Amino acid sequence: MVKLGDVVPDFKADSTHGPLKWHEYIDGSWAILFSHPADYTPVCTTELGTVSSLLPEFEKRGVKVAALSCNDSESHKGWVSDIEATTWCSGTKVGYPIIADPDREIAVTYQMVDPEEKNAAGLPMTCRAVFIVGPDKKLKLSLLYPATTGRNFTEVLRVIDSLQLTVKHSVATPVNWTHGDKCMVVPTLSDDVATEKFGSFDVVEVPSGKRYIRMTDDPSSK
């Protein structure tokens with residue numbers, strides 16, 4: 001199992017953009033790998049189309065995108081025409097690679113297989129996994145959805161904003177945080193150091209009297 005902080009497994013595979021070596025593709029950037037149960041399936045089509053329409057948002061954040069499902073590249077290329085014809089694609093072209101994994105080698109390595117969902121041949125399908133990888137090729141976040149539930153890629157972008165913020169600054173992001181909202185000073189910083197770093201912060205009063213909830217402006221907005 002790939003755990004948070006692990007260097008993600010490397011692999012070589014064919015894709016809609018030609019041969020792809022995963023670690024070379026990351027090449028010092030943030031990256032996201034998201035898997036799909038199969039080509040020509042309804043929920044997957046909405047997801048890949050939506051990611052295509054959001055690709056400028058990923059690129060703005062310096063994030064390279066790649067999708068994967070257990071079909072070959074020729075199947076992927078035919079499916080892309082359908083994806084681009086839907087409203088979810090918003091008139092865009094699918095500009096990221098879709099990786100071919102017909103033998104399920106990558107899916108097994110990354111433990112993406114959903115034992116409850118099988119294709120017509122009775123083979124297990126990949127679940128809806130999301131792996132966010134840092135420039136150091138280490139896993140920063142993973143999400144796992146069943147095949148029947150589509151993902152919220154606006155939430156994925158929100159999470160990337162949080163990951164990129166908190167790796168640079170000594171803050172954490174509270175529930176439902178979005179870029180520009182107040183952040184939380186991490187508990188490891190003393191009040192003096194927090195004041196030096198952020199200028200000021202507000203302490204949320206609680207019955208215990210403990211000063212552990214300290215809110216400060218989003219340092220990336222300054």
Side-chain angles (χ1 to χ4, degrees), residues 8 10-107 110 112 117 119 125-135 137 140-145 147-161 163-164 178-179:
V8 297
D10 194 14
F11 59 80
K12 299 177 184 178
D14 196 16
S15 79
T16 50
H17 288 190
L20 184 146
K21 297 180 180 179
W22 181 229
H23 280 190
E24 287 185 9
Y25 181 72
I26 296 171
D27 190 29
S29 298
W30 287 79
I32 178 171
L33 175 67
F34 60 105
S35 63
H36 299 83
D39 293 358
Y40 298 103
T41 51
V43 177
C44 300
T45 302
T46 67
E47 291 185 320
L48 269 75
T50 297
V51 171
S52 180
S53 68
L54 290 173
L55 194 57
E57 291 297 320
F58 287 100
E59 291 173 340
K60 184 169 71 175
R61 291 161 172 81
V63 179
K64 293 183 177 179
V65 176
L68 176 146
S69 71
C70 294
N71 301 89
D72 60 33
S73 290
E74 289 308 307
S75 174
H76 290 343
K77 290 174 183 176
W79 183 32
V80 163
S81 297
D82 285 0
I83 295 167
E84 292 175 346
T86 68
T87 56
W88 291 281
C89 219
S90 301
T92 62
K93 297 293 184 181
V94 176
Y96 55 88
I98 305 175
I99 296 165
D101 188 28
D103 296 326
R104 292 166 171 73
E105 291 181 8
I106 302 168
Y110 277 75
M112 304 178 192
E117 296 290 332
N119 64 13
M125 300 165 71
T126 46
C127 58
R128 301 186 191 283
V130 177
F131 298 95
I132 297 176
V133 183
K137 300 182 178 65
K140 305 303 181 184
L141 180 140
S142 63
L143 299 167
L144 205 59
Y145 291 66
T148 50
T149 301
R151 288 159 285 198
N152 183 332
F153 282 95
T154 302
E155 166 64 5
V156 173
L157 286 169
R158 187 192 76 87
V159 165
I160 290 169
D161 286 341
L163 291 169
Q164 293 184 338
T178 57
H179 176 69

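The residues of the chain are indexed from 1 along the displayed sequence. Note that the coordinates shown come from a computational prediction; the quantities given were computed from them, not determined experimentally.
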Could you list the donor-acceptor pairs under 3.5 angstrom formed by side chains in residues 23-30, with sequence neighbours left out?
{"from": "H23", "atom 1": "NE2", "to": "V8", "atom 2": "O", "distance (Å)": "2.7"}
{"from": "Y25", "atom 1": "OH", "to": "V65", "atom 2": "O", "distance (Å)": "2.7"}

Those residues at least two apart in sequence (or on a different chain) that pass side-chain contact (heavy atoms from CB on, under 4.5 Å) with A67 are F34, H36, L48, Y96, I98
The side-chain contact (heavy atoms from CB on, under 4.5 Å) partners of T149 (sequence neighbours excluded) come to Y145, P146
Applying side-chain hydrogen bond (donor to acceptor under 3.5 Å, both in side chains) to T178 and not counting sequence neighbours gives D181
The complete set of side-chain hydrogen bond (donor to acceptor under 3.5 Å, both in side chains) pairs with one or both residues in residues 85-94, sequence neighbours excluded, reads S52-T92
On a heavy-atom basis, the closest approach of G95 and H17 is O-CE1, 3.4 Å
C44 and R128 have their tightest heavy-atom pair at SG-NH1, 3.2 Å
Residues 69-85 vs side-chain hydrogen bond (donor to acceptor under 3.5 Å, both in side chains), sequence neighbours excluded, gives D14-S73, D39-S69, D39-S75, D39-H76, T45-W79, S69-N71
Looking only at heavy atoms, the pair that brings L141 and L143 closest together is CD2-CG, 3.6 Å
Looking only at heavy atoms, the pair that brings G150 and V43 closest together is CA-CG1, 3.7 Å
Would you mind reporting whether R151 and V130 have side-chain heavy atoms less than 4.5 Å apart?
-> yes
Those residues at least two apart in sequence (or on a different chain) that pass side-chain contact (heavy atoms from CB on, under 4.5 Å) with R61 are E57, V63, L157, I160, D161, Q164
By side-chain contact (heavy atoms from CB on, under 4.5 Å), E105 pairs with (sequence neighbours left out) D101, D103
Heavy-atom closest pair (L68 atom, M112 atom, distance to 0.1 Å) is CD2-SD, 4.1 Å
In terms of heavy-atom contacts, T16 and P97 come closest through OG1-CA, 3.5 Å
In this structure, CD1 of I32 is separated from NZ of K140 (nearest 0.5 Å) by 15.0 Å
From the list Y110, F11, F131, ring pair (Phe, Tyr, Trp, His ring centres under 6.0 Å) with W22 holds only for F11
